[in-house]
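Model, not experiment: these values are computed from the prediction.
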Amino acid sequence: MIRYSLKCSNDHGFESWFKDSASYDKLADAGQVVCPICGTGEIEKAIMAPAVSGTRKKDGPSRDPAPEPNLSAPATQAELALRKLRQHIEKNSDYVGQDFASEARRIHDGESDARAIWGEATMQDAKDLHEDGIPVAPLPWMNRRND
């Protein structure tokens, strides 16, 4: 595991753990490393001092390895709030996946039962829904295919 100090183009600093440097590079190239504060994908590694672990000396005291970080635990209050928001939305609405735009339009037109839904839509679909007076809002997390 490797921890990077990261900084977005809006000067927000944060840290994240990766399996190795190649994993970071792969995720960053795919646009999956984003700022947890503003959501931008314009991220760069910040300067940080490396944490070098010592080796066990033959006659010296042994060092216990550092515990593995709990990567699923929220690191900030913002992450905790987003996790609670996501749980609330998933519990109280229907996931309609890629059919979000068409289902939102059917609900708006009275062709489907009125209910809270969430799913995925292209930017153009979301813009069209908004222009037609159908309320939509982006959710502050990646879609299910990227979780």
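Considering only residues two or more places apart in sequence or on other chains, R115 meets the salt bridge (Lys or Arg N to Asp or Glu O under 4.0 Å) condition with D94, E103. Residues meeting the ring-ring contact (aromatic ring centres under 6.0 Å, His included) test with F14, sequence neighbours left out: none. Residues forming a salt bridge (Lys or Arg N to Asp or Glu O under 4.0 Å) with D132 (at least two apart in sequence, or on another chain): R105. N92 pairs by the side chain to side chain donor-acceptor pair (under 3.5 Å) definition with H88, not counting sequence neighbours. Under the rule for a side chain to side chain donor-acceptor pair (under 3.5 Å), D109 has no partner lying at least two apart in sequence or in another chain.
Between S93 and I117, the closest side-chain pair of non-hydrogen atoms is not below 4.5 Å. At a threshold of 4.5 Å between non-hydrogen side-chain atoms, the residues E131 and K127 count as touching. Side-chain contact between W17 and R3 is present, with at least one heavy-atom pair separated by less than 4.5 Å.
Residues L129 and V96 share a single hydrophobic cluster, defined by chaining ILVMFWY side chains whose heavy atoms lie under 4.5 Å apart. L82 and I37 fall into different hydrophobic clusters, where Ile, Leu, Val, Met, Phe, Trp and Tyr are joined by side-chain heavy atoms under 4.5 Å apart, directly or via other members. Put simply, Y95 and V136 are part of two different groups of oily side chains (I, L, V, M, F, W, Y) that touch within less than 4.5 Å, one to the next. Placement of I2 and L6 within a single hydrophobic cluster is found when ILVMFWY residues are connected by side-chain heavy-atom separations under 4.5 Å, directly or transitively.
Of all heavy-atom pairs spanning K45 and Y24, the tightest one is CE-CE2, 3.2 Å. The two residues S5 and E15 come nearest to each other via the heavy atoms OG-OE2, 3.7 Å. Scanning all heavy atoms of the two residues, the minimum distance from D99 to S102 falls at O-OG, 3.1 Å. Among all heavy-atom pairs drawn from C8 and I43, the shortest one is CB-CD1, 3.6 Å. Closest heavy-atom contact between N10 and C38: ND2-SG, 3.2 Å. What you find for I107 and D113 is that their closest heavy atoms are CG1-O, 3.5 Å.
The distance from the NZ atom of K19 to the CE atom of M1 is 10.0 Å, given to the nearest 0.5 Å.
For T122 and D125, the side-chain atoms include at least one donor-acceptor pair closer than 3.5 Å.
Residue pairs meeting the side-chain hydrogen bond (donor to acceptor under 3.5 Å, both in side chains) criterion with at least one partner in residues 34-44, sequence neighbours excluded, are S9-E42.
The aromatic rings of F18 and Y4 are tilted relative to each other, their planes meeting at an angle between 30° and 60°.
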